[in-house]
Amino acid sequence: MTTTLLTDIGTLVTNAPELGEGRLGVRRDAAVVFDGDVVAWVGDAAAAPAADRAATLGGRALLPGFVESHSHLVFDGDRAEEFAARMEGRPYAAGGIRTTIAATRAASDSTLAGTVHRLVGEYLRGGTTTVEIKSGYGQTAADELRAVRIAGRFTDEVTLLAAHVPPPEYAGRADEYVAMAVGEMIPACAPHAKWIDVFCETGAFDAEQSRAVLEAGAAHGLIPRVHGNQLGPGPGVALAVELGAASVDHVTHVTSADVDALAGSDTVATLLPGADFSTRSDYPDARALLDAGVTVALGADCNPGTSYTTSLPFCIALAVRDLRMTPDEAVWSATAGGAQALRRSDIGVLRPGSRADAVALDAPSYLHLAYRPGVPLVREVFVGGATR
Ligand code: NIG
Ligand code: FE
C-alpha cells in the first residue's frame, strides 16, 4: 500500500475528541498519513512519520468527507414548474411525488443510472464522499427492484423506500398497496438493500401502514429509517423510536414528547433544511433537539420535488444561519452525524483505522463553510485515500 503524508493543513477536523479540541477534535499544525484507503496516523506535523509520498495542503482546512444519509436519486424528470408555483404561493403536497413516479416508470434503466451517476458526481464535487440512495419513485415490486439495483451500482447504502405515496392505481386503497409491498415488493427487493423506509405523513401512509412496512422490512433483514413529521405533527417520530429506527428524517414538526422520546433513544434526528428551504416551510427546531441531547444529522435530501440540491455546504450554511446550529454542530452533523444515521463508525471521522475519505477546502478553517455561503470552497476530495 502507498502511504501519503498530508502536511501544511490549515485546520484539521478529526471528529475524534481524543485527537484534538472539542467534539470536532480540531487540531492545528497537524499532519495526516493515509495508507491506501485508510487513515494510518494523525498528529503534530513536527512528529510526522516518513511516507512514500508527501502532499502539501497549502494551509487549507481538511475535514472528513460529508456523509449524506438521505437522498432520492433514482428518478427521471424534474419539477421546476411545481417549484415555481410554490414560490408564487402554492403549498407543497405529497401528491407531487406521483409526477415523478410516472416519469420514473417510463424511463429506461440507462437514463435512470445516468441521473444517479450525474448526481453522485455532484455530491462528490461538493465534498460528499458517502451517499445513501433511496428508491421510492417506482412503487411497484418490479420498479422498486429496478431502482434498488441501480442504486446499488453507486453505493452500499441502499434504502428501499417501499411506501412513499400510494401510486395512482392504488388511489384510495393505501391498505391494499401496503399488502402488496409487504407480500411482493419487500421480499423481492430486500436482497439488494440495507435499509427500509416509509413516508409516514398525512397524504402518504399512516402509523399502522408505516409499521406494517417497517416490520416487514425488518423481518427480511432491513433496518428501519423513517420519513416523519415533515409536513405537520404526526406519529413518525414515535414510531421510529419504538421500532429502534436508525434515524427519523425531516422532524420539522415535533412535540416536546417527540423530543424527549428521541433524547432517550439511539435514533438519530436527520434534519433536511434544503427541503424546508425549497418548500418555503418552517425550519425544524434544531436547538430544542440539540439542547435535549438528541443526536442530529444533516442531509441535503436531493430529490426533484422538495430539495433539488446536492450541496452539504449549502445545508451547513442554512443550519447555522436559520436553524441556529453552531458552525461546529452543523459540521459535525454533516459528517459524523450522517455516519451515525447510517450506523457507520468508519466514516465521518479521521482517526487511525477510519476510511481515508476527506475534503480539503479553499479556506483556512471549516468555519468558512457557513461564513462564505454559496461559494465553491471544496478544493480537493479524497475517497479511500485517492484524489477525486
Ligand atoms: O424527502 N418527503 C418525502 N420524500 C421527499 C420528497 C419527494 C418528492 O416531493 O418527490 C422528501 O422531501
Ligand atoms: Fe426524503
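Indexing begins at 1, ligand by ligand and atom by atom, following the structure's order.
Listed by number with element, the atoms of ligand 1 under 4.0 Å from a non-hydrogen atom of His227 are 1 (O), 2 (N), 3 (C), 4 (N). Counting the atoms of ligand 1 from 1 in the order shown, those under 4.0 Å from a heavy atom of His250 are 1 (O), 2 (N), 11 (C), 12 (O). Taking every heavy atom of His70 and a limit of under 4.0 angstrom, the matching atoms of ligand 1 come to 1 (O).
Ion pairing of Glu132 with Arg344 is absent here, as no side-chain N (NZ or NE/NH1/NH2) approaches a carboxylate O to less than 4.0 Å. Taking the charged nitrogens against the carboxylate oxygens, Asp328 and Arg23 have no contact shorter than 4.0 Å, which rules out a salt bridge.
The protein heavy-atom contact nearest to atom 7 (C) of ligand 1 is Tyr137 OH, 3.2 Å. For atom 12 (O) of ligand 1, the closest heavy atom belonging to the protein is Thr306 OG1, 2.6 Å. Remark: minimum distance from atom 11 (C) of ligand 1 to any protein heavy atom is reached at Asp301 OD2, 3.3 Å. Nearest non-hydrogen protein atom to atom 5 (C) of ligand 1 is His72 NE2, 3.6 Å. Here the protein heavy atom with the shortest distance to atom 2 (N) of ligand 1 is Gln230 OE1, 2.6 Å.
Shortest non-hydrogen contact noted between Gly384 and Asp357 is N-OD1, 2.7 Å. Of all non-hydrogen atoms in Pro304 and Tyr137, the two that sit nearest each other are CD-OH, 3.5 Å.
Without hydrogens or angle criteria, Asp35 side chain to Val38 main chain gives no donor-acceptor distance under 3.5 Å. Judged purely by atom type and a 3.5 angstrom limit, Thr14 has no side-chain atom pairing as donor or acceptor with the backbone of Arg351.
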*Take Glu380 and Arg60 through the test salt bridge (Lys or Arg N to Asp or Glu O under 4.0 Å) and record every step on the way to the result.*
CA-CA 10 Å; Glu380 198 169 2; Arg60 295 188 183 91; 5.8 Å; no

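By the 4.0 Å heavy-atom criterion, Tyr92 is counted among the residues contacting ligand 1. Contact between Thr100 and ligand 1 is absent, with no heavy atom of the residue lying under 4.0 Å from the ligand. Heavy-atom distances between His164 and ligand 1 reach below 4.0 Å in at least one pair.
Residue His70 counts as close to the Fe ion (ligand 2), with an N, O or S atom under 2.8 Å.
Checked against the Fe ion (ligand 2), the N, O or S atom of His72 at the shortest distance is NE2.
Between Phe277 and Phe314, a ring centre-to-centre spacing shorter than 6.0 Å is recorded.
Aromatic ring pairs are classed by plane angle as parallel below 30°, tilted from 30° to 60° and perpendicular above 60°; the pair Tyr371 and His368 is perpendicular.
Contact annotation for Glu201 and ligand 1: no heavy atom of the residue comes within less than 4.0 Å of the ligand.
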